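Heads up: the structure comes next, in structure tokens.
Order of listing sets the numbers, starting from 1, for every ligand and every atom in it. Bear in mind that the values here come from a model prediction, so they are computed numbers and not experimental data. As a basis for the values below, the full set of heavy atoms in this structure was taken, side chains included, without hydrogen atoms, waters or symmetry mates.
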Amino acid sequence: MYRNNLTRKEIERALAERSPEDEGLLRSLQSCDRRHFLRVSLKFAGMAAAAGIFQPHGFQLVNVAHAEAAPGEPPDIAFRFAYVSDTHLYARGMSHRFAKAALKSVEDVNALDPQPDFVFFGGDLAQRCRPDELELGRQILAELKAPLRMIPGEHDWYFDLGQKWREMFGPDRYAFDHKGVHFVAINSIIEKDFWTAKGYTPAERMDIVAGLDDGRQSRFEVGAEQRAWLKQHLATVDRKTPLIVFSHSPLYKLYRPWNFWTDDAEQVQAILQPFERVTVIHGHTHQVLTNRIGNIDFHGLLSTAWPWPYAPQGLPEYTVQMRRSDPFDQLDGCGDGRVDVHTNGRVDKHYHFWSRNPRVVTAEEMASNTIPGPRGYDGPSY
Ligand SMILES: [Fe+2]
Ligand SMILES: [Fe+2]
């Protein structure tokens, strides 16, 4: 979509010397509506990309890592899907920086060539679960060219217990097959009722859960009813079929005080363990996060809004830590990315940072139990 007939020189000139009309368009970004914003931002991003002046940072990796392959796919990649997660949108219009970051991720994904088979959104679309926040998120994500798969995060859920989210996006758990892989999406942010007895209002309930380390809330869990569904559903799937599970919280116990935790994780893992090849992709933790328990590989997603620091304990040994993000760079530690699914069902997990070098955790590394690089170092940046 970014191809046009302008020469590189013409585009460079256009970027250097914007017309009065373009200046007007850019000035209007402060108060414009969604479609107008997208039209303007895509225009300038598209002009620059077409000229090769810059590329979306992470997507340079496609050419570097698979330079020897024919344009497009390396031979053993069956398909790829992109991800965007944890946008945490406030209903403050398109000029709010979290909205801009979400739009940036949409631009990134729409610029992928070839396009991903679908886009997975890992939850926490909204910040306080208000209908207008969710609506803003729905409108931004509606600009994606590829089909969208959604799961809810706790920030999408605890004002109205998921009513608006389900109206907009459908069931919070589902399954589908795609090119030989079986996908299951589950709602892992169910909490036991901590609000009724205390008389908390919906807004108070949401704020307590959004507090992350607010001890008045319960812990996340998949819950007995959903575990029963999962078990029953997976009984119909061949155990040799590669399985990819989408959840918001990590389906293991990392750090309880921050709800980097799923309380019934062991029971969920027991349901997944009979499968030969299982990958769990989760949101919520806003950082590079890698784990392996038994035959299950776990990969966290970046947030577009902010990076969480690492929990003070419980970091899985497979994780090569991100450096602490630069507090003076709003985009540092944030980004989006993609997952390349090999024909054998293993995945390469790509973290597309916006202000530092991309990182990829490869299927090969996970299979060989060798995670490169000293811990505490995520490669050169800037
Ligand atoms: Fe989040
Ligand atoms: Fe979350």
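In summary, the side chains of Asp329 and Trp354 do not present any donor paired with an acceptor at a separation below 3.5 Å, with no hydrogens or angles considered. Counted by atom type alone, His155 and His248 present zero donor-acceptor pairs between their side chains at under 3.5 Å. Side-chain contact check for His178 and Asp117: at least one donor-acceptor pair (N or O, by modelled atom type) lies under 3.5 Å.
Take a cut-off of 2.8 Å around the Fe ion (ligand 2): the protein N, O or S atoms inside it are Asp124 OD2, Glu154 OE1, Glu154 OE2, His248 NE2, His284 ND1.
By the side chain to side chain donor-acceptor pair (under 3.5 Å) test, Gln267 is found to be paired with no residue, residues two or more places apart in sequence or in another chain being considered. Every residue two or more places apart in sequence or in another chain that forms a salt bridge (Lys or Arg N to Asp or Glu O under 4.0 Å) with Arg227 is listed here: Asp264. In this structure, the side-chain contact (heavy atoms from CB on, under 4.5 Å) partners of Arg138, at least two apart in sequence or on a different chain, are Glu135, Met168, Phe169.
Rounded to 10 degrees, the NE2-metal-NE2 angle spanning His88 and His286 at the Fe ion (ligand 1) equals 100°.
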